[in-house]
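Just so it is clear, the values below take in all heavy atoms, side chains as well, and ignore hydrogens, waters and symmetry mates. Heads up: numbering here begins at 1 and tracks the sequence.
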Amino acid sequence: MMYYTVSFPSMHFVPVGRSLCRYKRLTLAAHSKRKRRPPQNRRYQPHPKQPPEFGVNLFLKKPSTTSGPIPIEEDMYEGPHEEEEENIGVVWESDELEAIASLFQGRIPQKPGKLNRKRPLPLPIPCKLRPLGLPTPKSLVKLTAPGVVSSRASVAKKVYKSPSFLIGLAREISRLGPDEDVSKILGKWVQFLRKGSLSLTIRELGHMGCAERALQTFLWAQNQSHLFPDDWILASTVEVLARSHELKIPFNIEQFTGLASRGVLEAMIRGFIKGGNLRLAWKVLAVARRDKRMLNSSIYAKLILELGKNPDRHRHVVPLLDELGERDELNLSQQDCTAIMKVCTKMGKYEVVESLFSWFKQSGNQPSVVMFTSVIHSRYMEKKYREALAVVWEMEASNCLFDLPAYRVVIKLFVALNDLSRAMRYFSKLKEAGFSPSYGIYKDMLQIYMASERISKCKDICMEAEIAGFELDKYLVNSEKL
């Protein structure tokens with residue numbers, strides 16, 4: 001048997017299984033290096049990869065011991081695959097398992113550190129660099145925006161009750177010529193006016209002595225549907241006309257008072273009182289009392305003050321005082337109370353002064369220096385000096401600052417008590433407070449110095465009074481010379 005040897009140049013023989021396996025590997029490697037482009041205009045987009053079910057821990061799965069066929073895609077590289085086969089038998093410790101399990105239970109607890117650390121401020125945004133509070137340009141605001149409507153409404157609400165605006169209207173009206181009408185001024189601001197707005201304007205025109213312009217303003221407002229009827233405007237007009245003696249009272253005043261409201265009646269009486277026409281004020285008040293119209297207590301106080309200035313009219317004050325005393329509730333201010341106290345002191349109605357003083361303190365109000373002075377003077381006139389001295393201590397305890405009339409009444413009280421030391425002390429306080437003593441104070445101090453036989457002090461008082469421009473009575477000077 002003969003053997004022949006055949007050689008194939010540049011040819012190598014390899015096992016069949018290995019050649020096939022390597023060929024597959026090379027083919028897969030070549031395909032894996034090619035980049036796949038995602039198809040465009042796909043009708044149905046692929047669903048994203050769904051996360052694992054809640055509660056399933058993939059890290060805690062036990063490694064499978066069964067040897068199955070290894071996929072071809074996972075066997076592309078020999079190195080990593082061999083390392084994974086070697087690491088299959090790794091055993092997790094308990095603390096590592098707890099740490100991994102905490103990832104699926106909630107937030108990882110932070111390590112203790114700087115708990116009060118401050119975060120840096122954010123960088124400024126260009127749209128927020130504009131300073132706050134600047135108004136929006138008018139060209140960029142829509143007229144139909146609700147913010148614009150509300151802002152305009154708020155402006156109108158502020159204007160119609162602004163005293164400066166309403167007093168300015170009165171000044172402009174007073175500057176009009178005799179042939180010009182008030183509608184020239186009021187027509188420009190009619191949209192900002194409301195009911196009751198022009199009452200202050202009409203009263204200001206009355207203070208300026210323009211009663212005719214006030215009446216024209218009322219007649220103009222009467223033709224505006226959104227301004228009239230209004231009792232405030234009517235009452236202000238009636239008060240201005242009554243003060244200037246231009247209000248004509250009808251013959252049947254009873255019918256007029258029956259139709260008029262309470263505010264109009266009070267305004268009419270106030271106008272008559274300020275105008276000095278007490279007869280008409282008393283007549284209107286008498287008709288209102290007969291018709292059982294309940295008017296404000298301040299109207300009675302003002303009328304009592306004016307009637308009390310004339311001793312011949314004191315008989316009209318008594319029924320007014322009796323009517324105030326019968327009322328269950330009084331609505332008197334501090335000025336009204338002091339006015340009534342002064343009149344009652346002149347008339348000798350000291351019990352009324354005491355009752356008013358008690359009522360005012362029981363109402364929870366703090367008496368002023370004027371009220372304290374009125375009560376002290378009333379008790380001094382009643383010759384209740386010790387009771388008047390108690391009011392002085394009450395006045396001192398309340399830290400009430402004395403004025404010149406208060407010093408005069410207190411010094412007069414100490415002269416009546418023949419208390420020289422206190423009279424001298426309050427005389428010194430008067431000058432320390434910056435007041436100049438009056439003629440009556442010099443006279444009282446001279447009298448108490450003479451009663452105490454302080455001749456040197458009498459000379460000093462006479463000299464000081466002469467420097468101040470006062471001449472003491474001749475009998476006092478003669479007594480001082482003796």
Problem - CA sep, side-chain torsions, deciding dist, call: Phe414, Met424, side chain to side chain contact (heavy atoms under 4.5 Å, CB included) - result: CA-CA 9 Å; Phe414 290 137; Met424 293 175 59; over 6 Å; no

Exercise for the section: Could you check Phe272 against Leu278 for side chain to side chain contact (heavy atoms under 4.5 Å, CB included), going step by step and ending with a plain yes or no? Expected result: CA-CA 6 Å; Phe272 286 140; Leu278 300 182; over 6 Å; no

Exercise for the section: Check the pair Leu320, Leu303 against side chain to side chain contact (heavy atoms under 4.5 Å, CB included), reporting the backbone distance first and the verdict last. Expected result: CA-CA 9 Å; Leu320 298 179; Leu303 189 57; 4.0 Å; yes

Exercise for the section: Take Ser297 and Arg327 through the test side-chain hydrogen bond (donor to acceptor under 3.5 Å, both in side chains) and record every step on the way to the result. Expected result: CA-CA 9 Å; Ser297 304; Arg327 289 196 176 187; 3.1 Å; yes

Problem - Derivation and outcome, salt bridge (Lys or Arg N to Asp or Glu O under 4.0 Å), residues Lys361 and Glu394 - result: CA-CA 12 Å; Lys361 290 194 298 182; Glu394 183 181 353; 3.4 Å; yes

Practice task
Show your working on salt bridge (Lys or Arg N to Asp or Glu O under 4.0 Å) between Arg262 and Glu266 and close with a plain yes or no.
Solution key: CA-CA 6 Å; Arg262 174 182 173 180; Glu266 293 176 354; 2.9 Å; yes

Exercise for the section: Determine, stepwise, if the pair His207 / Arg243 fulfils side-chain hydrogen bond (donor to acceptor under 3.5 Å, both in side chains). Expected result: CA-CA 10 Å; His207 293 310; Arg243 187 195 311 168; 3.2 Å; yes

Exercise for the section: With ring pair (Phe, Tyr, Trp, His ring centres under 6.0 Å) as the test, would you mind laying out the steps for Phe218 and Phe228 before giving the verdict? Expected result: CA-CA 9 Å; Phe218 170 74; Phe228 199 82; 5.6 Å; yes

Exercise for the section: Carefully, step by step, assess Ser363 and Asn365 under the rule side-chain hydrogen bond (donor to acceptor under 3.5 Å, both in side chains). Expected result: CA-CA 6 Å; Ser363 302; Asn365 301 316; 4.6 Å; no

Practice task
List the steps and the verdict of salt bridge (Lys or Arg N to Asp or Glu O under 4.0 Å) for Glu204 and Arg171.
Solution key: CA-CA 8 Å; Glu204 189 65 23; Arg171 291 173 181 172; 5.4 Å; no

Problem - Chi angles and distances behind the side chain to side chain contact (heavy atoms under 4.5 Å, CB included) call for Gln224, Val190 - result: CA-CA 9 Å; Gln224 308 298 324; Val190 64; 3.9 Å; yes

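By the 4.5 Å heavy-atom criterion applied to side chains, Leu389 and Asp419 are not counted as neighbours. Residues Leu186 and Ile173 meet the side-chain proximity criterion, which asks for heavy atoms closer than 4.5 Å. When side chains are defined from C-beta on, Met341 counts as touching Met371, because their heavy atoms get closer than 4.5 Å. In this structure, Ser197 and Phe192 have side chains that are not in contact, with every pair of non-hydrogen atoms separated by 4.5 Å or more. Contact of the Cys462 side chain with the Leu446 side chain is registered, since non-hydrogen atoms from C-beta on lie closer than 4.5 Å. Contact check for Ile304 versus Asp336: no side-chain heavy atoms found under the 4.5 Å cut-off. Side-chain contact check for Val375 versus Tyr350: every heavy-atom pair is 4.5 Å or farther apart.
Atom CD of Glu212 has 12 or fewer neighbouring heavy atoms from other residues, nucleotides or ligands inside a 6.0 Å radius. Atom NZ of Lys429 has more than 12 heavy atoms from other residues, nucleotides or ligands within 6.0 Å. Atom NZ of Lys457 has 12 or fewer heavy atoms from other residues, nucleotides or ligands within 6.0 Å. Residue Arg386 places its CZ atom among 12 or fewer non-hydrogen atoms of other residues, nucleotides or ligands, all under 6.0 Å distant.
Listed here is the closest heavy atom pair of Ala406 and Val369: CB-CG2, 4.0 Å. Tyr449 approaches Cys458 most closely through the heavy-atom pair CB-SG, 3.5 Å. Looking at every heavy atom in both residues, Leu227 comes nearest to Arg194 through CD2-O, 3.3 Å. Nearest heavy-atom pair across Glu351 and Gly348 is OE1-O, 4.4 Å. Pairing each heavy atom of Ala260 with each of Arg293, the nearest pair is O-NH2, 3.0 Å. Residues Ser261 and Asp231 approach most closely at OG-OD2, 3.5 Å, considering heavy atoms.
Taking 4.0 Å as the cut-off between side-chain N and carboxylate O, Glu239 and Arg270 count as a salt-bridged pair. At a threshold of 4.0 Å, the pair Lys412-Asp444 counts as salt-bridged, since one of the basic side-chain nitrogens sits closer than that to a carboxylate oxygen. Salt bridge absent: Glu354 and Lys349 never bring a charged side-chain N and a carboxylate O closer than 4.0 Å.
Of the possible polar contacts, none joining the Ser378 side chain to the Ser374 backbone as a donor-acceptor pair under 3.5 Å is found. In this structure a side-chain-to-backbone donor-acceptor pair under 3.5 Å is missing from His316 to Leu307. In this structure, Thr338 contributes its side chain and Val370 its backbone to no donor-acceptor pair below 3.5 Å.
Ring pair Tyr426/Phe402 is tilted by interplanar angle, where 30° to 60° counts as tilted.
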